[in-house]
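For reference, the structure is listed below as C-alpha cells.
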Number of protein chains: 2
Amino acid sequence: MNEHVHEAMDLTKNQSLVMGALTRSKGPLSAYTILDQLRDNGFRAPLQVYRALDKLVEFGMVHRLESLNAFVACSHPGCDGDNTIAFMICEKCGQVNEITDNALAKRVKQLAGDASFALKKTTIELRGICRTCQVA
Amino acid sequence: MNEHVHEAMDLTKNQSLVMGALTRSKGPLSAYTILDQLRDNGFRAPLQVYRALDKLVEFGMVHRLESLNAFVACSHPGCDGDNTIAFMICEKCGQVNEITDNALAKRVKQLAGDASFALKKTTIELRGICRTCQVA
DNA sequence: GCAATGTTGTAATAAGATAACGTCACAGCC
DNA sequence: GGCTGTGACGTTATCTTATTACAACATTGC
C-alpha cells in the first residue's frame, strides 16, 4: 500500500492515526488541526496528538516545521540517518518541499565543528514563493 | 554609548524600551519575559511588545528564533543587508551565537534558485551544546 | 501475584500570538 | 484654522499552541 520505509515500524493506534492524517494531507498540519480531524476516531485532547507526534518525530517519520508550528510527514525514506534537512515552504500555497543537500549539510557541520559546538539538531527553513505560485 | 550601527535609527519610546531589554539581556527573551521586565515602564499588554518587536525585526535590529519562540538583539551591524543568518543555540546555557557564513548563504540561494523558488527569508538554527558547556 | 514500564484518557492551565476596538499625535494640504 | 491621512499607542478579549498533573489500564519480566 505504502512503500515508505518508515511505515515498517509498528506504531500504536494513536500514532498511526496521526501518521495517517499527516500522510493524507499533502501539506503541513498543526497539532490542533490533526486533533479536529481525528475527533471521529476518539481523539478528545491535544495531548493525544502531541504524544503521538513526539514519537513520530523521534522515529524520523514526521518533521516539525518550527516557523509554522506545524508538522509534516517525512517524504524521504532515508532521512532519519541525517538530521540536516531543509524545507522550502511556499507562503502562497502552503506546500512544503523537503530537501537534503549534501553540500549544505556539510557546511553546517563544518561551522559547528569550527566552533566546537556539539550539534544535535539543525533547522533550515526557506520561506518564499514556489515556482508554480509565481506564474499564477 | 553604543556603537551598534542599528542604534542610529530613531525608535519610538516602546521600541527603545524593548530594544533596551534585549540588549541588556545577553541571551534571547520571549515576548512575555520582555513584557514582565517592562511592567514598571508602563507596559501592560502583550501587544505592546509584539508591535515593537515587529518593527525591530523589520529594521533588522532584532532576530526571531523560531525554534525558541524568542527574540534576540542582532549582534552584527551589517546583517540587515543579508537575510541569511544562522544561529547556534546552546541548549544548556541558552547562549546564542549569530553567524553569517558566505558559503552557507550561497548554497541556500543556489538551492532556491535551482527550484525557481523566490526566497524571502531563511531560518537556520543549530541546536546543541556550546564549547564551554561541554567541558563543564 | 507483583513491580516496572509504557500507553492512554481527561481536565486544567501555561505560553505564545492576534483581532478588534478606540484614542492620540503629527504631518500635509486646502 | 479646519480637514484628512497615517502611524503609534492602549485596552480588552480571544485565539492558537503546548504542557503539567493525575488516574487508569495493559504488557512484560521476575
Side-chain angles (χ1 to χ4, degrees), chain A residues 9-22 25 27-59 61-72 87 89 91 94 96 121 123 125 127, chain B residues 6 9-22 25 27-59 61-73 87 89 91 94 96 121 123 125 127:
Chain A
M9 309 199 62
D10 65 4
L11 302 174
T12 69
K13 188 181 151 221
N14 284 3
Q15 285 161 14
S16 2
L17 284 168
V18 169
M19 192 65 205
L22 281 172
S25 142
L29 296 177
S30 80
Y32 279 74
T33 304
I34 295 173
L35 174 58
D36 285 338
Q37 291 190 8
L38 296 180
R39 291 220 184 261
D40 295 340
N41 297 282
F43 274 55
R44 303 305 222 64
L47 204 50
Q48 298 176 285
V49 178
Y50 281 111
R51 285 204 272 232
L53 283 172
D54 281 351
K55 285 296 180 187
L56 293 170
V57 168
E58 188 185 319
F59 298 157
M61 300 169 64
V62 165
H63 302 296
R64 178 187 176 106
L65 300 173
E66 301 285 355
S67 67
L68 291 180
N69 292 326
F71 301 84
V72 69
F87 297 94
I89 303 168
E91 294 183 337
V96 171
K121 190 184 181 274
T123 299
E125 298 180 14
R127 306 285 295 258
Chain B
H6 298 315
M9 309 200 60
D10 65 5
L11 302 175
T12 68
K13 189 182 151 221
N14 285 4
Q15 284 161 17
S16 2
L17 284 168
V18 169
M19 193 66 204
L22 281 171
S25 143
L29 296 178
S30 79
Y32 278 72
T33 304
I34 296 173
L35 175 58
D36 285 339
Q37 291 191 8
L38 296 180
R39 292 218 184 261
D40 294 341
N41 297 282
F43 274 57
R44 305 301 223 67
L47 206 50
Q48 297 175 282
V49 179
Y50 281 111
R51 286 204 271 233
L53 284 172
D54 281 351
K55 285 296 178 187
L56 293 170
V57 168
E58 188 186 317
F59 299 157
M61 301 169 65
V62 165
H63 302 297
R64 179 191 174 102
L65 299 173
E66 301 286 356
S67 67
L68 291 180
N69 292 326
F71 301 83
V72 69
F87 297 93
I89 304 168
E91 295 183 337
V96 170
K121 190 185 182 272
T123 299
E125 298 180 14
R127 307 285 297 260

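Summarising the geometry, the separation between CG on A:L35 and C1' on D:dT16 is reported as 12 Å, rounded to the nearest angstrom. Rounded to an integer number of Å, the gap from A:D36 CG to D:dT17 P is 10 Å. Note: CG (B:L11) to C1' (D:dC9) measures 16 Å, nearest angstrom. The distance between atom CG of B:L53 and atom P of D:dA8, rounded to the nearest whole Å, is 14 Å.
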Each nucleotide of nucleotides 8-19 of chain C classed B (base within 4.0 Å of a protein heavy atom), S (only sugar-phosphate) or -, in 5' to 3' order, makes BBB-----BBBB
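At a threshold of 4.0 Å, the pair B:R39-B:D36 counts as salt-bridged, since one of the basic side-chain nitrogens sits closer than that to a carboxylate oxygen. The pair A:R127-A:E125 does not meet the salt-bridge criterion, since no charged nitrogen lies less than 4.0 angstrom from a carboxylate oxygen.
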Going through the checks in order, is the side chain to side chain contact (heavy atoms under 4.5 Å, CB included) test met by A:L56 and A:F71? CA-CA 10 Å; A:L56 293 170; A:F71 301 84; over 6 Å; no
Please lay out, stage by stage, how A:L11 and A:M61 fare under the test side chain to side chain contact (heavy atoms under 4.5 Å, CB included). CA-CA 11 Å; A:L11 302 174; A:M61 300 169 64; 3.8 Å; yes
Passes side chain to side chain contact (heavy atoms under 4.5 Å, CB included), A:V49 versus A:Y32? Steps please. CA-CA 8 Å; A:V49 178; A:Y32 279 74; over 6 Å; no
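No more than 12 heavy atoms of other residues, nucleotides or ligands lie within 6.0 Å of NZ in B:K13, so this atom counts as exposed by the packing criterion.
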